[in-house]
Amino acid sequence: MSEKYLYIETYGCQMNDYDSERIKNVIGIPETKDPSKADIIIINTCAIRAKADQKALSSLGKFKNLKKNNPNLIVGMTGCVAQLYGKKLLSNAPHLDFVLGPRSIPKLPEIINNIEIEKTRIVETSYDVEEPFEIMPYHDKGKVTSFLSIQQGCNKTCTYCIVPTVRGKEINRPADDILLEANYLIQKGVKEITLIGQTVNSWKSNGLKFSDLLNLVGELESLERIRFTTSYPRDCTKKLIKAMKTNPKVCSHIHLPVQSGSNNILSKMNRTYTSQWYLDVVNRLKDEIADMAVSSDIIVGFPGETEKDFEQTLKLIEEVEFDTCFSFKYSPRPGTPAAVMENFIDSDIAGKRLSILQEFQRKITYKKNEERAGKIEEVLVEGISKNDPENLMGRTSQNRIVNFAAKNNLVGRLVNVKINNGFQNSLLGTII
Ligand code: SAH
Ligand code: F3S
């Protein structure tokens, strides 16, 4: 029998990237980049905004003809769109063989086996999986950085967000299990681990808090750096800030989504903090940790957002001076409280606000990058630069990309680079 191949398409956040690696590992057949050569096709989807949904559905459509020509081909949809629409997807797409929610990845081999033997179509979207973290990702050799999931789901109740619906309640992975995967990564040559979870700093397990976990991971030899994402502002405790400050492996960067600068909107979003409270946390972080970088997410055009609310968001951006910020137009999600709120904002108005905000932030990012010129930065070398094969690329502790010329192979090493120029998305320097 000839060898079988898996083709997988991934949309959305880091958690989906991580889950796709778990899918590759659990299916255990080689990957192909050409869907026409595949025996199994999987689309790992994102449902965070309406556009993401549409992408998932249109990518599914692409494989209709392949299935017609090869009835043995197995086509599956995984991820958040799969969880959200469940069996409706099967009736809308006759060429789809299975629909599998994010919690159920460990059940994949059994599902594929059943489809092969019984030619059935399967929907698996239950939340109660006995060992939700059982399957580790397929970790390629030679990677310098890696994600490591420490948490699934989310216990917060932000009124715009579909994540708690599609990924379920928060479950935290036990520390031993996390350390096991961390050690495995280190053996494979990984130097930087990014701990991931929807509200990663809310992690707790067997009496341990997230700050304790940072210290446990920090003790692992041969690991140079630790990052974590995404942090929830209310769970940014003094203990966490202390752990970040005292643990030399923890990078000086936090992704801390604020969502809005208006207390009125924050309250409608059920974010459980005020803009002043957020500013206080950021100031504490910046006071305690030298050269602290803060990035954020912001939603514009949330129901009821006035010009004044929007101006307060701009004011907050000006005060914090985020290093980078991802911003989005509000998108109503089925079943969420915000989707039935009054005073919807016209899409054109939201679009205009989004461009104003993005232009405002673009200048701040540029200014902050320019300010690095003349400084010496410690850079973890990740590989060859994208723009110039003669250059190497790495990141600073603050998560800025640095390109620099270097002859010898320094991939995986920490080096000092003198910064010559700061651009919009990266820095250019000389190794010293
Ligand atoms: N805790 C998560 C947040 C997931 S969503 C994490 O790990 O990043 C990422 C960002 O998408 C959110 O911070 C928010 O800014 C944005 N977002 C979420 N729901 C949205 C919606 N309905 N419309 C527009 N943007 C949304
Ligand atoms: Fe979504 Fe809020 Fe959780 S943005 S992922 S419900 S913290």
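One-based numbering, in listed order, for ligands and for the atoms of each. The residues of the chain are indexed from 1 along the displayed sequence.
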Checklist entry - Got an N, O or S from C161 under 2.8 Å of atom 2 (Fe) of ligand 2? => result no
Item to check | Residue-ligand contact T199/ligand 1, heavy atom below 4.0 Å | outcome: no
Next on the checklist: Tell me whether K329 reaches ligand 1 (any heavy atom closer than 4.0 angstrom to a ligand atom).
Outcome noted: yes
Is the closest basic N to carboxylate O distance between [X] and [Y] below 4.0 Å?
X    : Y    : result
D212 : K204 : no
R173 : E181 : yes
R413 : E224 : no
K67  : D97  : yes
R103 : D19  : no
E192 : R395 : no
K242 : E288 : no

Quick one: look up the protein heavy atom nearest [atom] and list residue, atom name and how far away it is.
atom                    : result
atom 3 (Fe) of ligand 2 : C154 SG, 2.3 Å
atom 19 (N) of ligand 1 : Y160 CD1, 3.3 Å
atom 2 (Fe) of ligand 2 : C158 SG, 2.3 Å
atom 4 (S) of ligand 2  : Y160 OH, 3.3 Å
atom 21 (C) of ligand 1 : S331 O, 3.6 Å

Checking contacts here: is it the side chain or the backbone of [X] that comes within 4.0 Å of ligand 1, counting heavy atoms only? Could be both or neither.
X    : answer
Q259 : side chain
Q198 : both
F328 : side chain
I48  : both

Checklist entry - Centres of the F210 and F228 rings: under 6.0 Å? => result yes
Can you list the ligand 1 atoms lying under 4.0 Å from a non-hydrogen atom of [X]?
X    : answer
T230 : 6 (C), 7 (O), 8 (O)
D297 : 9 (C), 10 (C), 12 (C), 13 (O), 15 (O)
R49  : 11 (O), 16 (C), 17 (N), 23 (N), 24 (C), 25 (N), 26 (C)
R333 : 22 (N)

Item to check | Contact atoms of ligand 2, heavy-atom distance to V163 under 4.0 Å | outcome: 5 (S)
Checklist entry - For ligand 2, which atoms, with element, lie under 4.0 Å from some heavy atom of T199? => result 7 (S)
Checklist entry - Between P164 and ligand 2, which residue portion shows a heavy-atom distance shorter than 4.0 Å: side chain, backbone, both, or neither? => result side chain
Next on the checklist: Quick check with a 6.0 Å cut-off and a 45 degree axis cone: is R121 positioned over the face of F98's six-membered ring?
Outcome noted: no
Checklist entry - Would K33 count as a cation-pi partner of Y7, with NZ or CZ less than 6.0 Å from the six-membered ring centre and within 45° of the ring normal? => result no
Item to check | ligand 2 contact by R271, heavy-atom criterion under 4.0 angstrom | outcome: yes
Checklist entry - Is there a donor-acceptor contact under 3.5 Å linking the side chains of Y18 and S146? => result no
Checklist entry - Can you tell me if N183 uses its side chain to pair, donor with acceptor, with the backbone of L179 under 3.5 Å? => result yes
